[in-house]
Enquirer: 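Provided herewith is a single structure, encoded as structure tokens, for subsequent inquiry.
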Amino acid sequence: MQAKIRQLLKEKNAVLLAHNYQPPEIQALADICGDSLELSIRAADTDADVIVFCGVHFMAETASILSPQKTVLLPRTDAGCPMADMITPAALKARLAALPEMPVVTYVNSPAAVKALSTICCTSANAIEVVRSLAADELLMTPDRNLARNTARHTDKTIHLWEGCCPFHDLLSVADVQSARAAHPQALFIAHPECRPEVVEMADAALSTSGMMRFAAESDATEFIVGTEVGLLHPLASKNPGKTFYPASEKMLCLDMKKITPPDILTCLETMSGQVKVPEEIRVPALAAVDRMIALSR
Ligand code: 13P
Ligand code: SF4
């Protein structure tokens, strides 16, 4: 299966991108694994004709926004993001109509049509930098209220919230972290900025998924409590032999990130199915918001 997939990727001049939460067998097949920001940049830079995106729908959309001339395939088109579904263009327009004019910072975990209405995008790796880059002192941040609150702690700007969240990061509680710390008193606690602010405040570091990978590799500590989706535990453990990683909560499991299997990738390459293409009238304004973010982060 692996050899067949690699052969088809070569024949079709295709690149396989996988998010850090993807199952081990998918990460093992991928040309590039990374966090949302790294994958966006790699999708923009690749000279492949085809991008096979092993992640969720908004990530494939971002690749299509950046590379309209390329064929972007999502091996399971039903792999979505519950947080991205917590905002629509109509709801955003209604909210903006009730606010004074201000920039809109939209997390990449959002529909393309919402990005198209936004001033600039951000990821968990660059949200603070993006907010600081704006001239305005007041802004709306969508759709993750936790990322917005965690970013607000690093700036004097007034940040209006959108009431969305990642259901799996949002359920990590202070009590969960306390009991993980009691069980592993030597461990450092690393948290994703999609976690609640009271949880992020307890953390030794708040980082994107790739930020966690780098932190674990560079740290002198040998034990870590990991406050993000449990899929990250595998790459953390396999890239850091001799270090031990504990989930902050076993409940942090995103099933959408586990939908794609190697047979799905094979079928999608054989039949070129699962194409994600953002229509031009949405892509062009969405690209402006994504490009502003990438220009800051390169
Ligand atoms: P990052 O990999 O950008 O930290 O994002 C986490 C996430 O929830 C992606 O869906
Ligand atoms: Fe969306 Fe959360 Fe799943 Fe990431 S982990 S894809 S934010 S639901």
Enquirer: About how many Å separate CD of Gln27 and CD of Gln22, when rounded to the nearest 0.5 Å?
Expert: 7.5 Å
Enquirer: Can Arg283 and Glu280 be said to form a salt bridge (charged side-chain N to carboxylate O under 4.0 Å, His left out), step by step?
Expert: CA-CA 5 Å; Arg283 191 190 73 79; Glu280 274 305 283; 2.6 Å; yes
Enquirer: Does the pair Arg214 and Glu38 meet the rule for a salt bridge (charged side-chain N to carboxylate O under 4.0 Å, His left out), with working shown?
Expert: CA-CA 13 Å; Arg214 284 188 286 272; Glu38 290 165 342; 3.2 Å; yes
Enquirer: Quick check against the 3.5 Å criterion: does Trp162 have a side-chain atom that pairs as donor or acceptor with the backbone of Met86?
Expert: yes
Enquirer: Treating Lys251 as the side-chain partner and Leu172 as the backbone partner, does any N or O pair qualify as donor plus acceptor under 3.5 Å?
Expert: no
Enquirer: Are any of the side-chain heavy atoms of Asp49 and Lys12 separated by less than 4.5 Å?
Expert: no
Enquirer: Regarding Thr244 and Glu223, do their side chains bring together a donor and an acceptor under 3.5 Å, going by distance alone?
Expert: no
Enquirer: Output every pair passing ring-ring contact (aromatic ring centres under 6.0 Å, His included) with a member in residues 239-272, not counting sequence neighbours, ordered by first then second residue.
Expert: His184-Tyr246, Phe224-Phe245
Enquirer: Lys259 side chain to Thr77 main-chain N or O, any donor-acceptor pair under 3.5 Å?
Expert: no
Enquirer: Quick one: do the Asp170 and Asn146 side chains pair a donor with an acceptor below 3.5 Å?
Expert: yes
Enquirer: Suppose the criterion is side chain to side chain donor-acceptor pair (under 3.5 Å): which pairs have a residue in residues 54-65, not counting sequence neighbours?
Expert: none
Enquirer: Given Ser118 and Thr106, is the side chain to side chain donor-acceptor pair (under 3.5 Å) satisfied, shown in steps?
Expert: CA-CA 6 Å; Ser118 305; Thr106 290; 2.6 Å; yes
Enquirer: Ignoring hydrogens and geometry, is there a side-chain-to-backbone donor-acceptor pair from Thr46 to Arg42 under 3.5 Å?
Expert: no
Enquirer: Measuring from atom CG of Leu269 to atom NZ of Lys4, what distance do you get when rounded to the nearest 0.5 angstrom?
Expert: 12.0 Å
Enquirer: For the residue pair Thr158 / Asp137, report whether a side-chain donor-acceptor contact shorter than 3.5 Å exists.
Expert: no
Enquirer: Is there a side-chain contact between Phe168 and Thr228 in this structure, where contact means two heavy atoms from C-beta onward sitting under 4.5 Å apart?
Expert: no
Enquirer: Classify the side-chain pair Asp264/Thr267 by whether it contains a donor and acceptor separated by less than 3.5 Å.
Expert: no
Enquirer: Would you check, one step at a time, whether the test salt bridge (charged side-chain N to carboxylate O under 4.0 Å, His left out) holds for Asp31 with Arg6?
Expert: CA-CA 10 Å; Asp31 294 296; Arg6 292 297 333 161; 2.7 Å; yes
Enquirer: Counting only heavy atoms not in Glu250, do more than 12 fall under 6.0 Å of its CD?
Expert: no
Enquirer: For Glu101, does the CD atom sit with more than 12 other heavy atoms under 6.0 Å from it, leaving out its own atoms?
Expert: no
Enquirer: Could you tell me whether a side-chain N or O of Thr151 sits under 3.5 Å from a main-chain N or O of Leu147, the two making a donor and an acceptor?
Expert: yes
Enquirer: For the backbone of Pro235 and the side chain of Asn20, can you confirm whether one donor and one acceptor N or O come within less than 3.5 Å of each other?
Expert: no
Enquirer: Can His169 and Glu229 be counted as having a side-chain donor-acceptor contact under 3.5 angstrom?
Expert: no
Enquirer: With a 4.5 Å cut-off on side-chain heavy-atom distances among I, L, V, M, F, W and Y, is there a chain of contacts connecting Phe215 to Ile225?
Expert: no
Enquirer: Does any donor atom in the side chain of Asn126 or Ser297 lie under 3.5 Å from an acceptor atom in the other side chain?
Expert: yes
Enquirer: Taking the side chain as everything from C-beta on, heavy atoms only, tell me whether Val199 gets closer than 4.5 Å to Phe189.
Expert: yes
Enquirer: Tell me yes or no: between the side chains of Ser36 and Tyr107, is some donor less than 3.5 Å from an acceptor?
Expert: no
Enquirer: Decide if atom CG of Asp78 counts as having more than 12 heavy atoms of other residues, nucleotides or ligands within a radius under 6.0 Å.
Expert: yes
Enquirer: Quick check: does any side chain N or O of Lys115 sit under 3.5 Å from a backbone N or O of Ser110, one acting as donor and the other as acceptor?
Expert: yes
Enquirer: Within the side chain of Asp176, is there an N or O that forms a donor-acceptor pair under 3.5 Å with the backbone of Ser173?
Expert: yes
Enquirer: Are any of the side-chain heavy atoms of Ile159 and Glu138 separated by less than 4.5 Å?
Expert: no
Enquirer: With rounding to the nearest 0.5 angstrom, report the CD to CG distance, Glu11 to Leu9.
Expert: 9.5 Å
